[in-house]
Amino acid sequence: MSPDDKIQRINTLRYIVASRWFLHAGIVVLGLIQKVIGVAEFDPIIFVLLAITYSYNAGYYLYLRRDPARISERGLYIISVLQVLVDQLVYTVILYASGGVESLSFLFYFLSIFIAIIIFREMEIIALTLFTVALYAGVIFLEFKNIIPHFSRYNFDPGFHQNIGVTVHNGATVILILIFTAFFAAFISNIIRSREGAIISERDKVTTIVDNLVDGVIMIDTSGFVRLINPYAQHLLQLDRAEHIHSRLRIEDFAPPLHSLVKFINNAVQEQTYKSQEVRIEEEDDHIILQITALLLTSKGGHRIGHLIIMRNITREKDLDQMKSDFISVAAHQLRTPLATLKWLFKMLLDGDGGQLNEKQTDLLGKGFERNNEVIEIVNNLLDVSEIEDGRFPYKFLNCSLGDIVNQVAHDTQVNAERKNIRMEIAIDNTIAQLKLDRQKFKMAVQNLVDNAIKYSHRDSTVKVSLDKENDRVVLRVKDNGIGMSDESKDKIFTKFFRGKEASIQDPTGSGLGLYIVRNIVEKHGGKITYSSELNKGTTFIIRLPV
């Protein structure tokens with residue numbers, strides 16, 4: 001018996017015990033009503049029986065309230081058998097005290113048989129019924145033979161217990177009904193066990209899969225109790241499954257390094273939405289970084305049934321990512337100084353500080369100067385990305401005119417546009433109020449979008465930059481008629497270091513960092529950047545900022 005099956009069995013027996021309190025009290029009330037209306041006598045022995053049943057029921061209750069770990073499977077089976085056998089004995093005494101063969105109290109026998117459907121198998125149900133038949137037949141026989149005194153059911157004694165015909169007829173009828181009920185109950189029990197076996201088989205398959213997942217999995221019901229936890233989740237939370245299954249996760253039960261993790265889980269199960277967060281757990285000489293995801297579980301009817309907590313260990317990925325970022329940062333810093341020196345030397349030579357240059361030399365130095373500037377731009381992008389990831393990309397928000405920023409970017413890029421004979425169209429709504437912006441950072445974002453539009457546009461085409469207002473948003477659009485993007489590129493366009501195949505063919509020198517930086521800047525301003533693109537027809541980037 002698995003721990004879950006054991007808990008279910010204990011809960012079933014607890015329910016039966018609780019039901020018995022009300023059932024036996026109801027029997028007494030029924031007897032009192034019959035006495036009040038003068039239909040039947042009410043023997044005081046019923047009160048004795050009630051005291052006895054309440055006593056052994058209290059014993060069952062106390063036993064089943066113990067710690068489940070202290071209750072053995074054998075103990076559960078014994079208490080299951082005792083409940084129905086003792087009940088049948090009690091019902092037999094009630095039958096005898098309320099008229100024997102004349103009594104309708106044999107109906108109480110069926111209660112135990114119905115209970116047996118839940119807790120016993122087919123042969124055990126039949127065995128219980130044969131035991132019940134023996135008790136019933138024994139009482140009738142002993143009454144008929146005057147071995148035990150007869151208690152009349154009614155205020156008058158019709159003498160049925162001495163009539164062989166009535167005794168045989170009534171007794172045989174009751175016994176046949178009991179036997180028929182037993183076989184019917186066994187049939188129902190067989191159906192229940194078959195379906196239960198199929199359910200257990202499917203449950204075991206799911207449990208095996210969950211237990212072998214490389215991620216930690218916890219299922220928590222709507223009341224906040226843990227219903228499922230796999231071995232890896234136990235390892236991560238450093239807990240004993242037996243202690244926490246069917247209980248709540250309390251912060252005080254966990255070591256201090258795990259408090260943030262348990263707090264996130266408890267907060268997540270209070271909400272009815274998807275929630276995900278990275279949690280870092282510091283250990284003595286090491287650390288673990290977990291991606292914690294809380295999924296809301298609902299039934300087919302849409303009713304909430306709990307939450308599934310998935311804990312994925314992303315320590316290796318994060319550490320590798322940090323190592324790459326550190327390498328990029330160090331490399332970029334080391335490259336910046338020699339590149340600046342080269343730029344200064346190229347500039348000096350082009351200005352004639354090293355002597356008169358012929359046309360060929362000037363052309364070569366000019367190309368070298370341009371390529372050096374491109375490398376400096378890549379290095380600066382690498383440094384910006386490094387600062388973004390380390391949280392060292394500071395913002396200083398002031399009231400600024402976005403229209404002025406757009407005009408300045410258009411002016412700065414005019415030379416590059418003229419080289420490809422690209423016409424710049426600028427449309428600005430001058431009624432837009434100033435916004436809280438980091439002027440330098442946001443200019444960098446707009447500059448990047450406009451530079452890309454010019455770089456990837458065809459010659460003799462048009463780049464349109466517009467700024468207007470839509471409801472409670474300021475909308476900036478940068479539209480080109482260039483190479484566009486394929487469907488394969490669209491899903492990754494804002495990914496770090498990604499460059500689409502079309503862009504790489506058009507300009508092999510890009511770093512794939514520009515749009516990553518742009519998105520970060522826009523989101524830090526509370527905005528959102530989207531795009532639409534069609535291959536060989538152009539791309540439109542759209543920035544929406546809150547007013």
Side-chain angles (χ1 to χ4, degrees), residues 16-17 19-32 34-35 40-60 78-117 119-120 124-154 157-158 160-164 166-186:
I16 293 171
V17 167
S19 301
R20 189 180 289 107
W21 299 110
F22 298 100
L23 173 63
H24 291 180
I27 293 174
V28 174
V29 171
L30 182 63
L32 290 172
Q34 290 180 337
K35 180 174 179 60
E41 291 296 329
F42 186 81
D43 199 290
I45 193 174
I46 300 298
F47 286 109
V48 177
L49 288 174
L50 182 66
I52 293 173
T53 59
Y54 269 40
S55 297
Y56 71 71
N57 212 42
Y60 297 153
I78 291 174
I79 201 170
S80 299
V81 173
L82 278 176
Q83 286 196 69
V84 293
L85 292 185
V86 175
D87 278 353
Q88 297 303 66
L89 288 171
V90 170
Y91 298 148
T92 301
V93 176
I94 293 175
L95 173 81
Y96 169 63
S98 60
V101 72
E102 305 167 1
S103 176
L104 295 177
S105 297
F106 68 86
L107 293 173
F108 295 135
Y109 286 142
F110 296 106
L111 297 174
S112 295
I113 295 175
F114 293 148
I115 289 173
I117 294 175
I119 57 179
F120 293 145
E124 293 168 328
I125 294 172
I126 293 173
L128 171 67
T129 304
L130 293 177
F131 173 73
T132 304
V133 167
L135 292 175
Y136 179 76
V139 168
I140 294 175
F141 177 78
L142 292 174
E143 276 192 336
F144 182 76
K145 290 295 186 179
N146 284 324
I147 296 174
I148 57 175
H150 171 69
F151 294 98
S152 177
R153 169 176 169 77
Y154 307 102
D157 187 356
F160 289 157
H161 69 288
Q162 291 294 311
N163 188 303
I164 184 65
V166 172
T167 299
V168 172
H169 178 270
N170 285 6
T173 301
V174 171
I175 289 171
L176 285 174
I177 292 175
L178 285 170
I179 293 174
F180 173 78
T181 303
F183 281 99
F184 183 70

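None of these values were measured; they are calculated from a predicted model.
- For S80 against F120, the heavy-atom pair with the smallest separation is O-CZ, 3.7 Å.
- L135 pairs with exactly one of T92, V93, L85 by the side-chain contact (heavy atoms from CB on, under 4.5 Å) rule, that one being T92.
- For the pair Y109/L95, a side-chain contact is recorded, criterion being any heavy-atom separation below 4.5 Å from C-beta on.
- Counting all heavy atoms, side chain and backbone alike, Q83 lies closest to I16 at OE1-CG2, 3.5 Å.
- Side-chain atoms of Y96 and S105 include no donor-acceptor pair closer than 3.5 Å.
- Here the side chain of N57 pairs a donor or acceptor atom with the backbone of V17 at under 3.5 angstrom.
- Taking the six-membered ring for Trp and thresholds of 30 and 60 degrees, Y136 and F106 have ring planes more than 60 degrees apart, a perpendicular arrangement.
- In this structure, I164 and F144 have side chains that are in contact, with non-hydrogen atoms separated by less than 4.5 Å.
- Rounded to the nearest 0.5 angstrom, L130 CG and I175 CD1 are separated by 10.5 Å.
- Looking only at side-chain heavy atoms (C-beta outward), F184 and I179 stay at 4.5 Å or farther from each other.
- F108 is not listed as a side-chain neighbour of V90, based on a closest heavy-atom distance of 4.5 Å or more.
- Side-chain contact between Y91 and L111 is present, with at least one heavy-atom pair separated by less than 4.5 Å.
- The nearest pair of heavy atoms linking L128 to Q88 is CD1-CG, 4.0 Å.
- Separating the CD1 atom in I117 from the OG atom in S112 is a distance of 11.5 Å, to the nearest 0.5 Å.
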**Asked** Hey, mind stepping through T129 and T181 against side chain to side chain contact (heavy atoms under 4.5 Å, CB included) and telling me if it holds?
**Response** CA-CA 9 Å; T129 304; T181 303; over 6 Å; no

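- With contacts defined as side-chain heavy-atom distances shorter than 4.5 Å, the pair L178/F110 qualifies.
- For the residue pair I125 and A182, the shortest heavy atom distance occurs at CG2-O, 3.8 Å.
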